[in-house]
Amino acid sequence: MQIHRDWTGLPSDARGASVAMGNFDGVHKGHRAVIDTARAACDAPLGILTFEPHPREYFAPDAPPFRLMNSEARANRLARLGVQQLYELPFGPVLAGLTPEAFAREVLAEGLGIAHVTVGADFCFGQNRAGTAQTLTELGQALGFGVTIVPLVGADEGEYSSTAIRTALAQGDTHGAQRMLGHWHRIEGEVIHGEKRGRQLGWPTANMAMDGLHLPRLGVYAVLVDILTGPDRGPCQGVASLGVRPMFGVNTPNLEVNLFDYSGDLYGQHLSVALVDFLRDEARFDGLPALIAQMEQDGADARRLLSGR
């Protein structure tokens, strides 16, 4: 998959794609319907047009973190779906100030030279979100590209949406989130240096930041882990603590992952951590022996739940 972060000066092989357009936060089953429709719309390479940062982050920079995925996780998920061209356009004053007509002409037609674009029925675009999916259809007819509008899809409990997935994760309902996503919710990023307390306690952990991401329910999870980079890349199982470490007076949430039967050095490498089963809430213990005993129980519970996966 090729990643482009501008809509001008693209090589010829990056133009002419059949594009699914949207934010694709989570890449859930509703997003998959839009992507699959773009794949089938015409005989052209499959592309995704999305934005970084998320427009909501740009317009409300002080709002609480809400994203299900950072850009790295989104790109990894889209690559798994067979996307060939990812247009991750920088969202700022220039894009925010384009009228729907200017966006369609300058970005879609002249910049990307798209053959076709597919959007969800609730899609809005352009300055002040003035353009709708129907507006895009009319502009496509005038500018020479096809447009398909995909009805919103869902299950008996309602439409698939990033909001509903956030609610499930906030409740620790990893399986409910999985049913809407079509895959386990994953946290991806670089392993950073921590306080190394886990190593001192006999439970070394790989630490990952949660900056900018929606926080699932704080607590301990059974996890499936893919080591994405480095000499030890491949799948692992483990147990992870997502929280603020109340035993040690820390108040910045992060993810600490203990990989079963692994003893290598992961600093600077990138992991993809799937939250599979919620084990328990974060807690404060009466001393380190009680904490260590609980960590051993957590590890045993996680191994049992992950057996056979």
Side-chain angles (χ1 to χ4, degrees), residues 25-26 52-54 56-74 76 162-163 165-174 177 184-229 236 238-259 262 265-288 290-292 294-295 298-299 302:
D25 187 26
E52 189 64 33
H54 191 295
R56 183 170 154 189
E57 290 178 293
Y58 172 76
F59 288 114
D62 297 325
F66 65 92
R67 288 181 65 158
L68 294 168
M69 285 180 159
N70 58 23
S71 61
E72 176 183 348
R74 181 175 59 193
N76 288 339
S162 299
T163 299
I165 294 164
R166 291 185 199 102
T167 299
L169 291 170
Q171 297 168 349
D173 183 8
T174 56
W184 295 113
H185 175 63
R186 287 180 173 268
I187 297 164
E188 302 191 11
E190 182 179 356
V191 176
I192 60 176
H193 287 273
E195 300 296 328
K196 299 180 174 58
R197 293 193 185 96
R199 187 176 303 276
Q200 297 165 7
L201 298 175
W203 284 82
T205 58
N207 293 268
M208 298 169 64
M210 295 294 296
D211 297 344
L213 295 178
H214 167 78
L215 284 178
R217 183 174 177 178
L218 300 186
V220 178
Y221 292 82
V223 296
L224 296 173
V225 181
D226 288 327
I227 302 174
L228 300 176
T229 60
C236 301
V239 61
S241 175
L242 173 61
V244 296
R245 291 147 287 167
M247 283 286 290
F248 304 102
V250 179
N251 58 16
T252 301
N254 78 338
L255 184 70
E256 297 178 301
V257 186
N258 174 261
L259 277 63
Y262 179 83
D265 183 355
L266 290 172
Y267 291 123
Q269 304 304 336
H270 286 241
L271 303 185
S272 174
V273 181
L275 304 184
V276 176
D277 284 292
F278 180 81
L279 301 181
R280 63 173 177 86
D281 287 312
E282 195 171 40
R284 182 184 294 273
F285 296 90
D286 294 328
L288 293 181
L291 172 61
I292 294 171
Q294 183 61 61
M295 292 166 67
D298 294 337

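- Counting only heavy atoms from C-beta outward, the side chains of Asn207 and Val191 never approach each other to under 4.5 Å.
- Counting all heavy atoms, side chain and backbone alike, Leu169 lies closest to Ala177 at CD2-CB, 3.7 Å.
- The pair Asp25-Arg74 fails the salt-bridge criterion, with no side-chain N (NZ, NE, NH1 or NH2) lying under 4.0 Å from an Asp/Glu carboxylate O.
- The two residues Leu68 and His185 have their closest heavy-atom pair at O-CE1, 3.2 Å.
- With sequence neighbours excluded, no residue forms a salt bridge (charged side-chain N to carboxylate O under 4.0 Å, His left out) with Asp277.
- Closest heavy-atom contact between Asn254 and Met210: CA-CG, 3.9 Å.
- Between Tyr221 and Phe278, the ring planes are perpendicular. Angles over 60° get that label, and only those under 30° would be called parallel.
- Atoms OG and CG, on Ser241 and Leu279 in that order, are 10.5 Å from each other to the nearest 0.5 Å.
- Under the rule for a salt bridge (charged side-chain N to carboxylate O under 4.0 Å, His left out), the partners of Arg67 that lie at least two apart in sequence or sit in another chain are Glu52, Glu57.
- Between Leu213 and Ile187, some side-chain heavy-atom pair lies under the 4.5 Å cut-off.
- Exactly one of Leu275, Leu224, Val273 qualifies for a side chain to side chain contact (heavy atoms under 4.5 Å, CB included) with Trp184. That residue is Leu224.
- Side-chain contact check for Val276 versus Val223: every heavy-atom pair is 4.5 Å or farther apart.
- When every heavy atom of Leu228 is checked against every heavy atom of Asn76, the shortest pair comes out as CD1-ND2, 3.7 Å.
- Separating the CG atom in Leu215 from the CG atom in Leu242 is a distance of 6.0 Å, to the nearest 0.5 Å.
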query = Does the side-chain contact (heavy atoms from CB on, under 4.5 Å) test come out yes or no for Val225 and Ser272, once each step is laid out?
reply = CA-CA 6 Å; Val225 181; Ser272 174; over 6 Å; no
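- The two residues Pro65 and Gly212 come nearest to each other via the heavy atoms CB-C, 3.6 Å.
- Between atom CZ of residue Phe285 and atom CD1 of residue Ile292 there is a gap of 11.0 Å, rounded to the nearest 0.5 Å.
- The distance from atom OG1 of Thr163 to atom CD1 of Ile165, rounded to the nearest 0.5 Å, is 9.0 Å.
- Residues Leu259 and Thr205 have side chains not in contact (no heavy-atom distance under 4.5 Å, counting atoms from C-beta outward).
- Not one N or O on the side chain of Asn258 forms a donor-acceptor pair closer than 3.5 Å with the backbone of Val239.
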request  = Under the side chain to side chain donor-acceptor pair (under 3.5 Å) rule, what do Asn70 and Glu188 come out as? Steps first, then yes or no, please.
outcome  = CA-CA 8 Å; Asn70 58 23; Glu188 302 191 11; over 6 Å; no
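- Side-chain contact between Met208 and Glu190 is absent, with no heavy atoms from C-beta onward closer than 4.5 Å.
- Heavy atoms only, all atoms of each residue included: Gln269 and Thr229 are closest at OE1-OG1, 2.6 Å.
- In this view, Arg56 and His54, Phe66, Arg166 satisfy the side chain to side chain contact (heavy atoms under 4.5 Å, CB included) rule, not counting sequence neighbours.
- Between the OG1 atom in Thr174 and the CZ atom in Arg217 there is a gap of 11.0 Å [rounded to 0.5 Å].
- A salt bridge links Arg186 with Asp226: the closest approach of a Lys/Arg side-chain nitrogen to an acidic carboxylate oxygen falls below 4.0 angstrom.
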